[in-house]
Every structure is written in C-alpha cells, then in structure tokens.
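A short worksheet on the structure shown next.
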Amino acid sequence: MSLAPGVRLGAYEIVSLVGAGGMGEVYCARDARLGRDVALKVLPSGLSSDPERLQRFEHEAQAAAALSHPNILAVYDIGQHPSTGSGRPSPYIVSELLEGHTLRERLNGGALPVRKAVEYAIEIAHGLAAAHEKGIVHRDLKPENIFIIRDDRVKILDFGLAKLTQTDPVGPAKAGHYVHAGSVRLQADLSALPTTPPETLPGVVLGTVGY
C-alpha cells in the first residue's frame, strides 16, 4: 500500500509516489533538516519477512554508499518505517532525487545516435570502473537501471544484486567510509559487505533474463 503525502518516515516527509518495482516503492520526500528533496525507497511490508529480500535491500544501500562517483546514484541514509499493520517495520533507503528518464524510456523513442550512444557508454564504463576498483560488481546492468538526468549525464542505479569480489580491499576503502544524515550512520566498510560464492548456482536466475 502506497504511503500518502504528509506521512513522515524519520526526518523525511513523503511528497509523492515516483514509481514502484519488485524491490519496493520510490517516493519523493522532503528532508526538513537540510531543506532538500530526496528519493526514498521503501521495501513493501509484505516482503519484510523475507530474509533474502531484506539482505538484498541492505546490500544495495551498503554497496551504493561505498561508492562516490558522478555516474553512480548517491545514497544518503537508511532507516526503518514502523509497522503499518503487518507487525513488521519496513526498511528504507534515502538517496539523491534524480530528474530525467531511464535509458529504457529513451530507447523506446528510437535508436540512439551513434555519438550519443558512445557518450553514454563511456559514462557507464567510468561508473562501473569506479565500482570495480572498490571490488564491487553490479551484476544487474540493464537499460532500466541506467538513468539519464536533465543535464544529459548518466547515473547507474540499483546495486541490489551487487557482489563483493575482494575480501581485503586496498586503499582508503579498507578503513571504511560513512554517510551521515541525522540519527542514522550508514557504514560503508567494504570488508563488511555480504557476498556469495563465485560459482553460479544451477537452476537459480538472478537479475533480469536477457541481461
């Protein structure tokens, strides 16, 4: 069930519903402390009892917060919305609010000019390279997870299936980074991120078929 405008989740006041998908609903919300609009992604309460969904949701926040790059969505905060009748709180992620459209929406209007396709590909490659330098592989890259903002720059979204490929990261990330926004401190220590064995499991499909 969608949250109504005016509902507060911690320091954030819901403004409007932006969209919904398999991993939750995304709202435009107002951060009264800093006087800015943010995107707030809430995991549906009906899925809060699924440990795998919860792990992927938290994993997405940790993986994205570990990265600071102009071509990757910036994560600001995490929290939990109190129960609305299900008996379980609903976790949420707070990130920068983007204006624009997905690459899928852009492609629905026709093929990209070659020069523009190359420009987007270079920006995507820069974002992925930054993630790979931190030992993070996205694993769900597709047009729906590439966002083109108003100034025609690219942002990579949704690290819910991201995988940590190195257990002992080098450089500044080893000491851990923090994103602080009020009462919640989000630790982005790469060595603490959950990971899975490198082998693919027979019969198990992750992500979107075709990608």
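Computation of the quantities below employed the complete heavy-atom set of this structure, encompassing side-chain atoms and omitting hydrogens, waters and symmetry-equivalent molecules.
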Can you list the steps and then say if L112 with L103 is a side chain to side chain contact (heavy atoms under 4.5 Å, CB included)? CA-CA 10 Å; L112 294 173; L103 179 57; 4.0 Å; yes
Evaluation steps, side chain to side chain contact (heavy atoms under 4.5 Å, CB included), between E144 and T102: CA-CA 6 Å; E144 289 81 359; T102 66; 5.6 Å; no
Tell me, with the steps shown, if I156 and L141 meet side chain to side chain contact (heavy atoms under 4.5 Å, CB included). CA-CA 8 Å; I156 301 174; L141 196 67; 4.2 Å; yes
Does E99 form a salt bridge (charged side-chain N to carboxylate O under 4.0 Å, His left out) with R150? I'd like the steps, not just the answer. CA-CA 6 Å; E99 295 186 9; R150 289 290 177 85; 3.5 Å; yes
Might you work through the side chain to side chain contact (heavy atoms under 4.5 Å, CB included) test for V15 and Y27, ending with a clear yes or no? CA-CA 7 Å; V15 176; Y27 297 87; over 6 Å; no
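The distance from atom CD1 of I93 to atom NZ of K41, rounded to the nearest 0.5 Å, is 6.0 Å. If you take CD1 on I72 and NZ on K134, they are separated by 10.0 Å, rounding to the nearest 0.5 Å. The CG atom of D37 lies 8.5 Å from the OG atom of S16; values are rounded to the nearest 0.5 Å.
Within the structure, the side chain to side chain donor-acceptor pair (under 3.5 Å) test picks out the following pairs touching residues 63-74 (sequence neighbours left out): N71-E123.
In this structure, L73 is not a member of the same hydrophobic cluster as V18, with clusters built from ILVMFWY side-chain heavy atoms closer than 4.5 Å. Hydrophobic clustering (ILVMFWY, side-chain heavy atoms < 4.5 Å, transitive): L17 and V7 are in one cluster. In the hydrophobic cluster analysis, where Ile, Leu, Val, Met, Phe, Trp and Tyr join through side-chain heavy atoms closer than 4.5 angstrom, I122 is grouped together with V114.
Listed for the E25 side chain is no donor-acceptor partner under 3.5 Å among the backbone atoms of V42. Distance alone, capped at 3.5 Å, places no donor-acceptor pair between the Y12 side chain and the L40 backbone. In this structure a side-chain-to-backbone donor-acceptor pair under 3.5 Å is present from H138 to D158. K155 contributes no side-chain N or O that, together with a main-chain N or O of I149, makes up a donor-acceptor pair within less than 3.5 Å.
Residues satisfying the salt bridge (charged side-chain N to carboxylate O under 4.0 Å, His left out) criterion with R106, sequence neighbours excluded, are absent altogether.
Between the side chains of Y120 and R153, not a single donor N or O lies within less than 3.5 Å of an accepting N or O. In this model, no donor atom of one side chain and acceptor atom of the other lie less than 3.5 Å apart for D31 and Y76. Counted by atom type alone, D77 and Y92 present zero donor-acceptor pairs between their side chains at under 3.5 Å.
Of all heavy-atom pairs between V38 and L97, the closest is C-CB, 3.8 Å. Minimum interatomic distance between G35 and R30 (heavy atoms only, all atoms of both residues): O-NH2, 3.0 Å. Across all non-hydrogen atoms, the minimal contact from A39 to V26 is CB-CG1, 4.3 Å.
Put simply, the side chain of V137 does not reach to within 4.5 Å of the side chain of L128, judged on heavy atoms. Contact check for I124 versus I146: side-chain heavy atoms found under the 4.5 Å cut-off.
For the pair R8 and E13, the salt-bridge criterion is met [side-chain N within less than 4.0 Å of a carboxylate O].
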